[in-house]
Amino acid sequence: YKMAKAEYNYTVDSARASLVRQEDTIIFGLIERARFPLNSPTYNQSYTSIPQFRGTLLDFLVRHTEAIQAKAGRYINPEENPFFPENLPPSVVPRYPFSQFLHPAAALININNAIWKLYFDELLPMFVASGDDGNYAQTAATDLSLLQAISRRIHYGKFVGEAKFRESPQGYEPLIRAKDKGALMKLLTYESVEEMVVKRVKKKAMVFGQEVSLDRDVKGITYKVDPSVVSLLYQKWLIPLTKNVEVEYLLNRLD
Ligand SMILES: O=C(O)C(=O)C[C@]1(C(=O)O)C=C[C@@H](O)C=C1
């Protein structure tokens with residue numbers, strides 16, 4: 001089985017279209033996680049005593065899932081970044097020739113440690129109810145798919161950064177040479193785009209998270225995840241971290 005060379009080319013427009021589609025995944029991920037209360041034993045090392053494993057139930061699920069997904073080829077795609085890159089087994093499947101759009105230094109950027117910490121310290125308490133219903137394995141599974149979606153979105157800043165660089169190298173090169181992070185940040189920022197993102201995710205959370213009923217009179221609208229929390233999450237964390245990845249990527253773009 002021989003594969004053709006992938007000739008997919010990213011542009012700023014196509015990268016933005018991908019970010020828009022990824023919003024759906026993130027919002028559904030939030031809705032899925034919000035089905036369960038906090039379920040703190042999922043994150044408590046003293047709850048689990050798994051033979052030959054030190055860590056929480058979530059650590060256990062994530063490490064083993066990433067290992068099996070690595071074997072199945074997930075991390076061959078440069079859009080994917082593992083949370084525990086140490087000691088991942090190699091892929092056992094034929095290598096798909098993903099287009100080499102990024103500068104090789106992109107592979108060194110992985111801010112999943114920071115994303116992990118942020119997720120548990122800041123994000124979870126914003127959108128899950130307190131309490132415990134015993135569904136720890138299900139909780140860990142929904143955490144992982146949401147974490148993966150958030151991580152993919154933030155690291156997609158590499159692709160957005162590269163597309164912007166290619167569309168205007170003469171604008172970016174001097175700032176990269178001068179290692180001027182502040183000026184890079186300013187040049188890659190489009191406030192009107194950010195405002196649209198923040199408004200759109202709120203609207204999507206209203207549409208995706210409403211109760212759908214065949215009765216005509218649904219009394220009082222409740223959403224499965226609070227739409228203003230979704231927009232706040234984007235405004236405060238997802239967009240700023242995506243921009244940090246863009247800056248980090250660009251700083252290494254001429255190495
Ligand atoms: O659309 C872009 O230009 C991006 O870089 C993405 C993004 C975002 O994170 O949504 C980040 C920075 C820009 O100011 C606008 C939006």
Side-chain angles (χ1 to χ4, degrees), residues 8-30 77-81 99 101-103 105-106 108-119 122-123 126-127 146-176 179-208 225 227-254:
Y8 182 72
N9 248 322
Y10 297 80
T11 61
V12 173
D13 283 346
S14 76
R16 282 186 179 146
S18 173
L19 290 178
V20 171
R21 176 61 185 81
Q22 291 179 52
E23 291 163 6
D24 303 4
T25 311
I26 291 172
I27 293 165
F28 278 111
L30 291 164
N77 185 335
E79 294 181 11
E80 299 284 350
N81 297 270
S99 71
F101 179 72
L102 299 178
H103 186 281
L108 302 174
I109 301 174
N110 180 338
I111 63 161
N112 274 336
N113 279 342
I115 293 172
W116 181 275
K117 192 167 171 0
L118 168 79
Y119 181 79
E122 310 281 348
L123 306 189
M126 282 169 70
F127 74 93
L146 177 53
L147 276 162
Q148 286 177 327
I150 290 173
S151 168
R152 195 183 311 123
R153 198 277 179 201
I154 290 171
H155 288 100
Y156 209 77
K158 299 177 191 179
F159 294 85
V160 187
E162 176 65 21
K164 285 179 181 169
F165 179 87
R166 290 197 193 194
E167 287 182 13
S168 160
Q170 66 292 349
Y172 283 97
E173 273 180 22
L175 307 182
I176 295 169
K179 301 193 193 315
D180 191 339
K181 286 194 186 195
L184 281 170
M185 187 61 96
K186 212 170 153 198
L187 187 58
L188 62 80
T189 294
Y190 296 81
E191 265 160 34
S192 61
V193 176
E194 292 183 23
E195 278 163 28
M196 284 193 300
V197 172
V198 170
K199 280 192 194 152
R200 187 176 48 245
V201 294
K202 185 169 187 173
K203 184 165 179 186
K204 283 185 178 179
M206 289 172 169
V207 174
F208 301 162
V225 62
S228 42
V229 165
V230 176
S231 57
L232 184 66
L233 199 141
Y234 261 81
Q235 193 172 37
K236 207 164 160 206
W237 307 109
L238 300 195
I239 295 173
L241 286 172
T242 305
K243 292 166 72 169
N244 287 349
V245 169
E246 289 185 48
V247 171
E248 280 313 306
Y249 174 81
L250 286 165
L251 283 173
N252 297 305
R253 177 60 178 75
L254 300 175

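In each ligand, atom 1 is the first atom listed, and ligand 1 is the first ligand listed. Residue indices begin at 1 and follow the sequence shown.
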One thing to verify: whether E162 and R166 come together as a salt bridge, which I'm taking to mean a side-chain N less than 4.0 angstrom from a carboxylate O. yes
Among K204, K202, R152, which residue meets the salt bridge (Lys or Arg N to Asp or Glu O under 4.0 Å) test with E23? K204
Residue pair S18, Q22: steps toward the side chain to side chain donor-acceptor pair (under 3.5 Å) verdict: CA-CA 6 Å; S18 173; Q22 291 179 52; 2.9 Å; yes
Please answer whether the main-chain N or O of I115 pairs with a side-chain N or O of N112 as donor and acceptor at a distance below 3.5 Å. no
Would you check if the side chain of K181 reaches a backbone N or O of V247 as a donor-acceptor pair within less than 3.5 Å? no
Set of residues that line ligand 1, where lining means a heavy atom lies under 4.0 Å from it: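 Within the 4.0 Å shell of ligand 1, which is judged on heavy atoms, sit R16, L19, R153, V160, K164, L188, T189, Y190, V193, E194, V197, I239, T242, K243, E246.
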Could you tell me how the ring of F165 sits relative to the ring of Y172: parallel (under 30°), tilted (30 to 60°) or perpendicular (over 60°)? tilted
